[in-house]
Structure formats: structure tokens, C-alpha cells
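All residue numbers refer to positions in the sequence shown, counting from 1.
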Amino acid sequence: MATIRVKDWTKNKLRNIRDAESHSSYDSVIKTLLKDRKLAKYSDDTSNTATGESVQSQDTDIDKMFDDLTVLAELTGSHEDVLFLWCPNCGNELVHLTVEQPLSCSVFEMECQQCLTHLDSQAIVAIELKYPIEQKMTEGQFQADLKACVRDYWDRTLRAAANDTLDTDAPVDRLVWQFDQYHKQFGWDWPTDVPAVSIVPGVTYRNTVTDERIKVVEAVTENRNAMDAYTIRRYTADDDVVPDQLDSSAVVDRLVNRELVVAEQAVGTTKPTT
């Protein structure tokens, strides 16, 4: 009988499924997965139903960066009825789900067992079967795709808030606070070509409306569930430094209106403080 070679990553996933679902053998695991795949394929083949057409049109309406990576909060359906949820912070698989159409996920929270980050639907990435995950891992691109997916969602969400087209009942200042907290917990350096979703002490930003540069010094409040106020240094056209302060509402306004871009990233400033 021919031997089938599989990667260590695949072996570990099969072992996890075997243990979690009490399968008697790897053969049983694979048969179950093939059955799930067959059911998912059948669902995809019958997508001319009203539900299938609705899901496809909803996906088309979302102008997002990846077809098969979606932040859970904006997911309205899955093409294959099978979803894999991943942590964008450490690249760990959280859980895989069989879902029904149309998909509704108003509240979803869980803790990543690898990095111990508490995540909700604003920061969990749903991956569909069509995404070439093993190829991306081999190429070293998987983690970058997870980050880019989340950054794209946060950016588009705040742009929608600025245009008053946000499809959620959540208060805008609450969303800004959530994105700010996640960004600081994840410790991501923010790209210079995407407006900031958070302001971090030590980082210099440029206001794209006024062309003014400001350096964030430190938080002057310790709000638990709202944005803080910060002391800043304003740099004039003559490079004079003017000490000032941004209150929390001003911070929210600048982030929602997509005014601030990173001009100078201080080393290690996005790491959470202790």
C-alpha cells in the first residue's frame, strides 16, 4: 500500500481533532472530514437557492481585501458552510465551525489559548476552505494576511463611521476604543499608508488635513472603557515644539475622520504597558 506523506502541521491538526472528538483512529477523523467536505460541496452546488443568492450578493457588496478572509463581525455567510476562526495576534486556530445560512453572529467572544488574548468578533478572522492556508504558511505570508485583513476591516469600519454609513448599533467611540485596545495589545507597528486607528505614546503622527506633526507623549487619564486624553508635542512649520493636550473626544474625532498617519514610529511603543 502506498504511503501518504503529510506535513507536521497537518498531523497535529488531525491529532487535535481525534482527541477532541474522541475518534478511534486517524482514519475515522479523515472520513469525517471528507463527509463534512462532501456536505459543504453539496451546499455550494445548490447555491442557486434564494439563501445562496443572498449570501453571494452580500459578499459581493463588501469591498474587502481578501475574498476568503473576513473579520467575524462583518461575516454574513460562508460559501462552503465551514469556517475556521483564527487569532490575528499569534496566528493560532481558535476553532472550526459548521455554520448555517444566512450567518448571524451578534456576539462572539473567546480567549486564544496560545497568546491568551481575549478576542471578540471585531478581532477574529474567519477563514474559508478556498484560502490556501498551507501554501501561505510555507511562504511565510499567513500571519501577514491575518494582520492585513484585520487592519483593512478596522480602517473601512471607521471610514463608514465618518460617512455615517456604519451598519451597526455600537457607539462609534466604543468601536474606536476597542480598536485602540486591540492595536496596543497586539503590538503591531501601524503602516504609514493606512490612517491610524489608535494613538500610541512615543509615535509621531502627521495630520493629513493640516499637515501638522504631533508626537504623543503620554496618557493623562486612565479610562477603563473609553479613550484616554493625551499630552502631545506639536511641531510647527519652523520646527518649534508646542506642548499641548488632546482630550478623548478630539482623539476619537481624528481617528474616525482618518486624519492621522504614522510619520515616525518609535521602537517598541505599541507593546502593552505593565
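Between Cys149 and the options Leu69, Ile127, Thr70, a side-chain contact (heavy atoms from CB on, under 4.5 Å) holds for only Leu69.
For Thr157, there are no side chain to side chain donor-acceptor pair (under 3.5 Å) partners, not counting sequence neighbours. Every side-chain contact (heavy atoms from CB on, under 4.5 Å) that Ser248 has, sequence neighbours left out, goes to Met227. When the side-chain contact (heavy atoms from CB on, under 4.5 Å) test is applied to Asp120, the partners found at least two apart in sequence or on another chain are Glu109, Gln122, Gln178, Tyr182. For the side chain to side chain donor-acceptor pair (under 3.5 Å) test, residues two or more places apart in sequence or in another chain that qualify with Gln135 are Glu139. Residues meeting the side chain to side chain donor-acceptor pair (under 3.5 Å) test with Glu218, sequence neighbours left out: none. Contacts of Phe179 classified as ring pair (Phe, Tyr, Trp, His ring centres under 6.0 Å), with partners at least two apart in sequence or in another chain: Trp154. Evaluation of the ring pair (Phe, Tyr, Trp, His ring centres under 6.0 Å) rule for Phe66 yields no partner, not counting sequence neighbours. Listed by chain and residue number, Thr117 satisfy the side chain to side chain donor-acceptor pair (under 3.5 Å) test with Asn89 (two or more places apart in sequence, or in another chain).
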Any chance you could lay out the side chain to side chain contact (heavy atoms under 4.5 Å, CB included) test for Asn223 and Trp177, step after step, and finish with the verdict?
CA-CA 10 Å; Asn223 297 328; Trp177 175 77; over 6 Å; no
Evaluate the side chain to side chain contact (heavy atoms under 4.5 Å, CB included) criterion for residues Val251 and Tyr230: first the C-alpha distance (whole Å), next the side-chain angles of each, then the deciding distance (0.1 Å), finally the verdict.
CA-CA 8 Å; Val251 173; Tyr230 290 85; 4.2 Å; yes
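The hydrophobic cluster containing Val241 also includes Tyr235, under a criterion of side-chain heavy atoms closer than 4.5 Å among ILVMFWY residues, counted directly or through chains of members.
Heavy atoms from other residues, nucleotides or ligands lying under 6.0 Å from CD of Glu264 number 12 at most. A 6.0 Å sphere centred on CZ of Arg174 holds more than 12 heavy atoms belonging to other residues, nucleotides or ligands. More than 12 heavy atoms of other residues, nucleotides or ligands lie within 6.0 Å of CG in Asn225, so this atom counts as buried by the packing criterion.
Residue pairs meeting the ring-ring contact (aromatic ring centres under 6.0 Å, His included) criterion with at least one partner in residues 112-142, sequence neighbours excluded, are Trp86-Phe142. The salt bridge (Lys or Arg N to Asp or Glu O under 4.0 Å) analysis of residues 236-249, with sequence neighbours excluded, yields the pairs Arg213-Asp239, Arg234-Asp244. Each salt bridge (Lys or Arg N to Asp or Glu O under 4.0 Å) pair with one or both residues in residues 196-209, not counting sequence neighbours, appears once here: Arg206-Asp211.
Judged purely by distance below 3.5 Å, without hydrogens or angles, the side chains of Glu259 and Asn207 pair a donor atom with an acceptor atom.
Taking the six-membered ring wherever Trp is involved, the centroid distance between the rings of Trp190 and His183 falls below 6.0 Å.
To the nearest 0.5 Å, atom OG1 of residue Thr221 and atom CG of residue Asp228 are 3.5 Å apart.
Salt bridge absent: Lys130 and Asp67 never bring a charged side-chain N and a carboxylate O closer than 4.0 Å. In summary, Arg151 and Asp155 do not engage in a salt bridge, as defined by a charged side-chain N under 4.0 Å from a carboxylate O. Under the 4.0 Å criterion applied to side-chain N and carboxylate O atoms, Arg156 and Asp152 are assigned as salt-bridge partners.
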